[in-house]
Amino acid sequence: MREINLSGIKRTESGKKATRELRKEGKVPCNLYGERRGENGLPEALSFAVSARDLRKVIYTPHVYVVNLDIEGEAHVAVIKELQFHPVTDAVLHVDFYEVTEEKPLTIGIPVNLVGLAQGVRDGGRLNLSIRKINVTAPYKQIPEKLDVDVTKLHIGKSIKVGELHFEGLEIATSKEVIVCTIKRTRAAMSAASQSEDSAE
């Protein structure tokens with residue numbers, strides 16, 4: 001996975017008024033969950049804020065990043081767990097990060113990359129990608145930037161399901177029955193098939 005650096009400041013105040021003030025300053029309130037524990041030993045979130053401008057580099061991209069967080073000198077490695085957007089403006093209102101380690105398995109959606117020229121496309125069909133990401137589980141150091149799916153032998157009317165795929169070192173968490181891609185018959189392909197049948201007669 002790709003890595004990116006992000007700096008933040010700790011939040012000492014909570015509540016709607018405090019978060020409104022942060023947003024006015026061009027910052028986005030965030031929480032980090034994972035390794036941190038409170039006095040009672042239970043998981044405890046670290047509240048912090050980051051620049052909205054810096055956060056755009058992580059969010060508005062097709063890539064999935066591991067984020068190296070520097071929160072006032074404290075180093076944490078994390079991935080984005082949840083995003084909250086404004087319903088009208090689509091501005092980012094809040095971000096939850098999840099802390100990761102090199103040993104602990106992580107489940108995350110990784111982009112699908114279709115590789116090769118499908119036989120069905122050669123025959124006039126159209127290749128449709130049904131899902132953009134597949135959920136996989138592994139320590140983050142083993143997770144690739146994208147999942148290559150070879151479509152070279154895929155014919156018109158045929159599909160590739162998640163259950164047919166295998167990626168070394170990764171456990172696939174998406175349901176096996178989910179369709180990844182399909183070759184759909186086009187009018188041109190149907191016309192070509194019809195002409196072929198007519199000439200055969």
Side-chain angles (χ1 to χ4, degrees), residues 1-87 89-113 131-148 162 167-175:
M1 294 173 66
R2 296 190 179 200
E3 298 189 17
I4 193 169
N5 298 326
L6 200 60
S7 297
I9 57 171
K10 292 181 181 178
R11 289 192 288 142
T12 55
E13 297 182 17
S14 59
K16 292 183 178 180
K17 183 178 179 181
T19 54
R20 277 200 300 268
E21 289 300 317
L22 276 174
R23 292 180 186 122
K24 284 181 182 179
E25 297 171 4
K27 295 182 175 64
V28 177
C30 306
N31 285 329
L32 174 66
Y33 297 91
E35 300 300 307
R36 189 182 178 93
R37 294 289 185 273
E39 293 179 359
N40 54 8
L42 296 175
E44 184 178 80
L46 172 60
S47 297
F48 65 103
V50 298
S51 160
R53 183 181 60 186
D54 292 344
L55 197 58
R56 291 180 63 87
K57 303 171 188 175
V58 186
I59 296 173
Y60 300 106
T61 171
H63 306 296
V64 179
Y65 285 104
V66 169
V67 183
N68 296 313
L69 289 171
D70 181 340
I71 305 171
E72 296 186 14
E74 288 184 20
H76 302 271
V77 182
V79 293
I80 290 178
K81 181 181 180 183
E82 187 176 350
L83 294 165
Q84 293 178 15
F85 294 93
H86 191 283
T89 65
D90 279 341
V92 182
L93 297 179
H94 186 90
V95 183
D96 283 340
F97 287 88
Y98 180 74
E99 191 164 12
V100 297
T101 66
E102 292 188 18
E103 299 81 21
K104 186 167 60 178
L106 162 72
T107 299
I108 192 168
I110 299 298
V112 173
N113 179 49
I131 56 170
R132 296 189 178 277
K133 292 182 180 180
I134 294 175
N135 293 329
V136 299
T137 303
Y140 82 89
K141 288 283 189 179
Q142 297 179 25
I143 298 177
E145 294 179 18
K146 59 185 185 298
L147 300 173
D148 291 334
V162 170
F167 304 101
E168 188 173 353
L170 305 180
E171 178 184 340
I172 298 178
T174 299
S175 171

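All values reported here derive from a predicted model rather than from experimental measurement.
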Drop me the distance from Phe167's CZ to Ile110's CD1, to the nearest 0.5 angstrom. 10.5 Å
Quickly, which of Thr101, Val66, Leu69 forms a side-chain contact (heavy atoms from CB on, under 4.5 Å) with Val77? Name it, please. Val66
Give every donor-acceptor pair under 3.5 Å between a side-chain atom in residues 141-148 and any protein atom, sequence neighbours left out.
from, atom 1, to, atom 2, distance (Å)
Glu145, OE1, Arg2, NE, 3.0
Asp148, OD1, Asn113, ND2, 2.8

First locate atom OH of Tyr98, then atom CG of Asn31, and finally report the distance between them rounded to the nearest 0.5 Å. 15.0 Å
Treating Thr174 as the side-chain partner and Asn135 as the backbone partner, does any N or O pair qualify as donor plus acceptor under 3.5 Å? yes
In terms of heavy-atom contacts, does CD of Glu168 have more than 12 from other residues, nucleotides or ligands at under 6.0 Å? no
Heavy-atom closest contact (Lys133 atom, Val64 atom, distance): NZ-CG2, 3.9 Å
What distance do Lys57 atom NZ and Leu55 atom CG have between them, rounded to the nearest 0.5 Å? 10.5 Å
Contact between Phe97 and Lys81 at the side-chain level, heavy atoms closer than 4.5 Å - yes or no? no
In this structure, CG of Leu46 is separated from CD of Glu99 (nearest 0.5 Å) by 8.5 Å
Exam field: side chain Thr19 to backbone Lys16, donor-acceptor pair closer than 3.5 Å: yes
So Ile4 and His63, side chain to side chain contact (heavy atoms under 4.5 Å, CB included) or not? Walk me through it. CA-CA 11 Å; Ile4 193 169; His63 306 296; over 6 Å; no
Return the minimal non-hydrogen interatomic distance between Val162 and Ile131, and the atom names on each side. CG2-CD1, 4.2 Å
Under the side chain to side chain contact (heavy atoms under 4.5 Å, CB included) test, which residues partner Glu72, sequence neighbours left out? Ile9, Lys10
Show the numbers, then the answer: is there a side chain to side chain contact (heavy atoms under 4.5 Å, CB included) between Val58 and Val95? CA-CA 11 Å; Val58 186; Val95 183; over 6 Å; no
Would you check if Cys30 and Arg11 make a side-chain contact, meaning some heavy-atom pair closer than 4.5 Å? no
Euclidean distance, Asn68 CG relative to Asn5 CG, rounded to 0.5 Å: 5.0 Å
Nearest heavy-atom approach of Val50 to Gly8 is CG1-CA, 3.9 Å
Out of curiosity, Tyr65 OH to Ile108 CD1, how far, rounded to the nearest 0.5 Å? 12.5 Å
Residues Ala138 and Gly169: closest non-hydrogen pair is CB-O, 3.6 Å
Tell me, with the steps shown, if Phe85 and Ile59 meet side chain to side chain contact (heavy atoms under 4.5 Å, CB included). CA-CA 11 Å; Phe85 294 93; Ile59 296 173; 4.2 Å; yes
